[in-house]
Amino acid sequence: MKRKWWHDKVAYQIYPKSFYDTNADGIGDLRGIIEKLDYLADLGIEILWLSPVYLSPFADQGYDIADYYQIDPRFGTMEDMDELIAEAKKRGISILMDLVVNHCSDEHIWFQKAIADPDGPYGKYFYLEKDDGQLPCNWRSYFGGPCWDRLPGTDRLYLHVFHKKQPDLNWENPEVRNEIYKNINWWLEKGLGGFRIDAIINIKKALPFHDYPADRADGLSSIDNMLEEASGIGVFLQEMRQQTFEKYDAFTVGEVFHSKAEELSSFIGEDGFFSTMFDFRPVCFSSSANGFYDYRPITPEDYKQCIFTSQAEAQEIGFYANVIENHDGPRGASHYLPADGCHDTGKKMLATISLMLRGIPFIYQGQELGMENTVFSSIEDIDDINTLAEYETAKKAGLSDQEALSAVSKYSRDNARTPMQWTNGAQAGFTQGTPWLPVNPNYTAINAASQLADENSVLSYYKKLIALRRDSRYKETLVYGKTVPFLAGQKNLTAFLRQSDQQNILVLANYQSAPQEAALPFKRFRTLLSNYPDTVFDPKKECLTLRSYEAKILLEL
Ligand code: TEU
Ligand code: CA
């Protein structure tokens, strides 16, 4: 396998709006990120992905871009951005921007020109169809309702698979693709390390537009059916890579849902479309075509199955990017840990698993503190358009207000979007003003300042895990070594070996509160890291007793 500069890095996702506010307007900003670069460097981060900071009306929190060449004034200026790239570089950190090119904002000049002249060149930048009283197809938008809306003041409809303020760009039009590549190269010229690539699987539509069997009472069909049928996306992705990323040796991580197993090597194999893509298998496990109200919790055994399947599938091909949370869902600690394990010890165990897997770890802001889901006391507390749509879906399915609220609370994207908890002071030290989204009330117990001062905190443990990955003695094994499941049939034990020619490293996690024994595959070992200060080992039985949510990383001697 060709070695690449990103293989041994740990990445971190910033949701700028909620990271750190320096001018008291309640919204995080670029200067806030610059101020916290030392914190991130100290944690061991070498790649930093920023969710969108481009000019945007914020219908979907910046995932609706009005100008790809401008920074939104809420976040700062282009000078701030340049300074951020330069300051990060000084600390050995590469910046990734979010590449949102399935759609733009309806306030983008291209869409405005399409409205003014639907038959002109910009009409071809979008998917426009004559409005003959019937929708061109019955796809349901990801945020609820049909994917078609009237192009204002015209007799046309336009396609939006997300919000109506996010019209889909027509990738079949080479002019659109060239505009996108030009933009990517413009940013790479500035010294970016690369991009996280949003909703990329949606760029290829199964054409001509047609209906699929309705799957809800609304008569619409999930877009998944279309994605299943669409083929030929590789032509676009290959062209994009060749015209942009490849020339700069840029790092790219694809947000790829619904990829087909046989396509994995074209996506992330050597010379694949992307450097890596997120492993969403555990996320998809919980989801349901019916919506949030029908999502199912994931058990430790399910989670183990998911990660082992993904590890096996990718290891001969390339690298997955491993995540337990991002800005689109619940907090990892709340989602993946049983209620009796959602404490510091359990959070450290979950971190051990996620960061010791083969792949490129992405940590989402606050994950390193063990931030948890927040509490919504009414639907008024929710800002996110996706959650609001899911709430309506739940009610239409017959749930009461209270039931619907409780169902969507578990999966709401706002759980991840509450402000970063820096201190135990007012507004968790996030802002001197009023935060755009209320802080999670648990900030007095969970915050960076107290954890920085505590050798045994979740944050300190994350630092040790990252340091271990970067340690030259183990790096080869932890980065390139195989993942070999161990005692996979033993319930609520998640164990695997990381193996290279030089060494064996065993990761053990007791994913429950009851203790359990684990027979070791070797007699002599040294503990590299654990969430307990000591080890209960019976040398006669070559057996280790793991206590409640105990995790161990052992080096065979
Ligand atoms: O998400 C793409 C996507 O598929 C989401 O709709 C996802 O299924 C949903 O958020 C799960 O709750 C990306 C971004 O990450 C998301 O924040 C944007 O809203 C979306 O694209 C549109 O740009
Ligand atoms: Ca601000």
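For the numbers below, each heavy atom of this structure counts, side chains included, while hydrogens, waters and symmetry mates do not. Numbers for residues simply follow the sequence, beginning at 1. For ligands, and for the atoms within them, numbers begin at 1 and follow the listed sequence.
- Excluding waters, the count of protein N/O/S atoms less than 3.0 Å from the Ca ion (ligand 2) comes to 5.
- A donor-acceptor pair is defined here as one N or O able to donate and one able to accept, closer than 3.5 Å; such a pair exists between the side chain of Lys260 and the backbone of Glu228.
- Counting the atoms of ligand 1 from 1 in the order shown, those under 4.0 Å from a heavy atom of Arg417 are 17 (O).
- For the atom pair OG1 (Thr244) and CG (Leu188), the distance works out to 6.5 Å, reported to the nearest 0.5 Å.
- Put simply, CG on Asn326 and CZ on Arg413 are 9.5 Å apart, with the number rounded to the nearest 0.5 Å.
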Would you sort out whether Arg281 and Glu313 count as a side-chain contact (heavy atoms from CB on, under 4.5 Å), showing the intermediate values?
CA-CA 11 Å; Arg281 184 168 268 112; Glu313 159 184 278; 3.2 Å; yes
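- With hydrogens left out, the protein atom closest to atom 11 (C) of ligand 1 is Asp328 O, 3.9 Å, a heavy atom.
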Could you walk me through whether Phe251 and Leu96 pass the side-chain contact (heavy atoms from CB on, under 4.5 Å) check?
CA-CA 8 Å; Phe251 171 73; Leu96 311 182; 3.7 Å; yes
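- Counting heavy atoms closer than 4.0 Å to ligand 1, residue Asn386 contributes side-chain atoms (C-beta onward) but none from N, CA, C or O.
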Give the intermediate values and the outcome of side-chain hydrogen bond (donor to acceptor under 3.5 Å, both in side chains) for residues Gln13 and His327.
CA-CA 9 Å; Gln13 180 191 355; His327 65 294; 2.9 Å; yes
side-chain contact (heavy atoms from CB on, under 4.5 Å) evaluation trace for Lys347 with Cys342:
CA-CA 7 Å; Lys347 291 168 185 175; Cys342 194; 4.2 Å; yes
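- Residue contact check for ligand 1: His103 places a non-hydrogen atom closer than 4.0 Å to it.
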Under the side-chain contact (heavy atoms from CB on, under 4.5 Å) criterion, do Asp98 and Trp49 qualify, and how do the steps go?
CA-CA 7 Å; Asp98 215 312; Trp49 153 31; 3.0 Å; yes
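- The aromatic ring centroids of Trp148 and Phe209 lie less than 6.0 Å from each other.
- Set against the non-hydrogen atoms of His327, the atoms of ligand 1 under 4.0 Å away are 14 (C), 15 (O), 16 (C), 17 (O).
- Taking only nitrogen or oxygen atoms, main chain and side chain alike, Tyr142 does not reach within less than 3.5 Å of ligand 1.
- With Trp139 as the aromatic partner, Lys205 does not meet the cation-pi criteria of under 6.0 angstrom to the ring centre and within 45 degrees of the ring axis.
- Within a 4.0 Å radius of atom 8 (O) of ligand 1, the protein has no heavy atom.
- By the criterion of a heavy-atom distance under 4.0 Å, the side chain of Arg196, and not its backbone, is placed next to ligand 1.
- Every atom of ligand 1 is numbered from 1 in the order shown, and the set under 4.0 Å from a heavy atom of Arg413 is 10 (O), 12 (O), 16 (C), 17 (O), 18 (C), 19 (O).
- If you check which protein heavy atom lies closest to atom 20 (C) of ligand 1, you get Phe162 CE2, 3.7 Å.
- Remark: side-chain polar atoms of Asp82 are not paired, donor with acceptor, to backbone N or O of Ala86 under 3.5 angstrom.
- Applying the 4.0 Å criterion to heavy atoms of Asp198 picks out, from ligand 1, the atoms 13 (C), 14 (C), 15 (O), 21 (O), 22 (C), 23 (O).
- No heavy atom of Glu390 sits closer than 4.0 Å to any atom of ligand 1.
- With atom 22 (C) of ligand 1 as the reference point, the heavy atom nearest to it among Asp60, Val100, Ile385 is part of Asp60.
- Within the 4.0 Å heavy-atom cutoff, Phe143 counts among the residues contacting ligand 1.
- Both tests hold for Lys190 against Trp186: distance to the six-membered ring centre under 6.0 Å, angle to the ring axis within 45°.
- Which parts of ligand 1 touch Glu255 is read off a 4.0 Å heavy-atom cut-off, strictly below it: atoms 1 (O), 2 (C), 3 (C), 13 (C), 15 (O).
- One distance of note links OG1 of Thr252 with CZ of Arg196; it measures 12.5 Å at 0.5 Å rounding.
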